[in-house]
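Here is the structure we will look at, set down as structure tokens.
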2 protein chains.
Amino acid sequence: MSNESTQKIIPIDTHKLKVACSQCNLRELCLPIGLSDQELTRVDDMIGSRRKIKRGQNLYSAGDTFEAIYAIRTGFFKTDVILEDGREQVTGFQMAGEVLGMDGIGTDLHTCNATALEDAEVCIIPFDQLESLSREIEPLQRHLHKVLSREIVRDHGVMTLLGTMRAEERLAAFLLNLSQRLVARGYAATEFHLRMTREEIGSYLGLKLETVSRAFSRFQEDGLITVQQKHICILDTAGLKQVLNHQAC
Amino acid sequence: MSNESTQKIIPIDTHKLKVACSQCNLRELCLPIGLSDQELTRVDDMIGSRRKIKRGQNLYSAGDTFEAIYAIRTGFFKTDVILEDGREQVTGFQMAGEVLGMDGIGTDLHTCNATALEDAEVCIIPFDQLESLSREIEPLQRHLHKVLSREIVRDHGVMTLLGTMRAEERLAAFLLNLSQRLVARGYAATEFHLRMTREEIGSYLGLKLETVSRAFSRFQEDGLITVQQKHICILDTAGLKQVLNHQAC
DNA sequence: CAGGCGGCTTGATCTTGGTCAAGGGTAAGC
DNA sequence: GCTTACCCTTGACCAAGATCAAGCCGCCTG
């Protein structure tokens, strides 16, 4: 993975270094399958550049003019909305292979902040070029629509979580979702480092950080997981799923 | 407005009666502005038929195969997700000029139920035809993307409401949002009939029906609104907005 | 017109999660 | 290596909203 970068001797401007989509191991997450070589080349040409974002920096902020969407190559992000009175709502956590910035299409302004929770790199997908290309490449168009739609469905899931679940159910759902997405990327399902703080988890789940902390402790007491700061091991996936289905009290 | 229909003497099968988009007074809500006559004709051709839905019936249900999205001509809908254990989360209320069904694009299956809360009529927009046409008509493509994106942003708003607001703030936000959307359709801003039950409002807002009822009563005591069953008058819009900004206790 | 039902309101009580506070661990910076 | 700052945990207490319960209103149906 990091072979490429550690072996390089000659200094290269990585911003200009082109890692073609056609070569990217995240391809199946970002692009439709079944594109012809020629079509893939055109996609490669569209994604002209990449951008590195340091931990803590914003990829974009609410109010920025919308020009592109972003495919995450490496790193981990949160998106959030800040209310006038300062309250924060984290609307999602995004990892490699996922797409950021679609909130801006509707108004040509970004409506939320996207912040790197660890050093990250994204592919910049200029949206007008994407629209143009997807008018010509039908599978690309279809894929874009699917990505947009899945975001809507994902949001419905979060609404359901916030509207109907109690604290421990929410955290169980959160851990299981994270685990599942890591598996899809080839990582271990049961052991991982959280990139976000308890407060950010709490904001996402509609809970206070103390409640998140207590729920972690409770899960640990019950033998469902082990917690050491941000290092989580899931010991009993089935048990976590039961927490989810155990509705009410 | 209703001149057209009241003046018709000859009985006509309204299912076959074509009310062209080009003639529809909701056009500016469904379609981009600036289409040429020729383009509008092609859109008219695409939207082949309409469908009436009786109060209480579903336009589509979770699990149905996805084939079309729907533009509401008349009536009022709710969309909801039912969890395995029976819990319901209402994900939105939709009125004339709004678009339903975009949750199905991602998986080719609808992921929620769309239920008419009053007798309704929708325009059926076959999605493959819409994709095809939007590959040719750039403003149509752009518009579709904006509609999808705005749905995402709307969902973020609901997530914020569910994640950070207390009961009375939620209800105030709900009433103001409803009022604003009615105004955009030429209705009175301050007086309207709720089409949904307290329980459905509660599900949408992540509250129990009793809490919704109490919040209504509280607003009435405070002189912000009058409530008679489902008939609402907003007496003090500014006051409701203050409830929203008054954060915490 | 009577009866029944669905939906709404209101009160009393309980529970979950929020709030406030103290203390400890870890990692980054001097 | 020490200090500092951030993050996390845990406890005690509190309050918002859920739950349980009773009764009412208005509408639909027979």
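Per chain, numbering begins at 1; letters A, B, ... match sequence-line order.
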Are B/L240 and B/F219 side-chain neighbours, meaning at least one heavy-atom pair lies under 4.5 Å? yes

Flag side-chain contact, heavy atom, 4.5 Å: B/Y60 against B/Y70: yes

To the nearest 10 degrees, what angle separates the axes at the start and end of the helix from C/dC1-D/dG30 to C/dC30-D/dG1, five pairs each? 50°

Salt bridge (Lys or Arg N to Asp or Glu O under 4.0 Å) partner of B/D119, the single match among B/K52, B/R51, B/K54: B/K54

Distance check needed: [N] [atom2] versus [X] [atom1], whole Å only.
X      : N      : atom1 : atom2 : answer
B/L205 : D/dG17 : CG    : P     : 12 Å
A/E118 : C/dA28 : CD    : P     : 14 Å
A/K208 : D/dC7  : NZ    : P     : 16 Å
A/R166 : C/dG18 : CZ    : C1'   : 15 Å
B/L194 : C/dC8  : CG    : C1'   : 12 Å
B/M165 : C/dG18 : CE    : P     : 16 Å
A/E200 : D/dC6  : CD    : C1'   : 12 Å
A/E169 : C/dG17 : CD    : C1'   : 14 Å

Quick one: salt bridge (charged side-chain N to carboxylate O under 4.0 Å, His left out) pairs with a partner in [range], sequence neighbours left out?
range                       : value
residues 58-67 of chain B   : none
residues 222-238 of chain B : B/R218-B/D222
residues 187-200 of chain B : B/K78-B/E200, B/E118-B/R195

Check for me whether the distance between the ring centres of B/F192 and B/Y187 falls short of 6.0 Å. no

Give a yes/no answer on whether the side chain of B/R198 brings an N or O atom under 4.0 Å of OP1 or OP2 in C/dG7. no

Would you classify B/G202 as touching base, sugar-phosphate or nothing, given that sugar-phosphate means primed atoms plus P, OP1 and OP2, and contacts are heavy atoms under 4.0 Å? nothing

Distance col, row B/Q229:CD vs B/L194:CG, nearest 0.5 angstrom, shows 10.5 Å

From the set C/dT9, D/dA18, C/dG17, return the single nucleotide nearest to any side-chain atom of B/L207. D/dA18

Not counting sequence neighbours, list each pair that qualifies as a side-chain hydrogen bond (donor to acceptor under 3.5 Å, both in side chains) and has a residue in residues 170-179 of chain B. B/N177-B/R181

Residues in contact with DNA chain C, drawn from residues 209-234 of chain A - heavy-atom cutoff 4.0 Å: A/E210, A/T211, A/R214

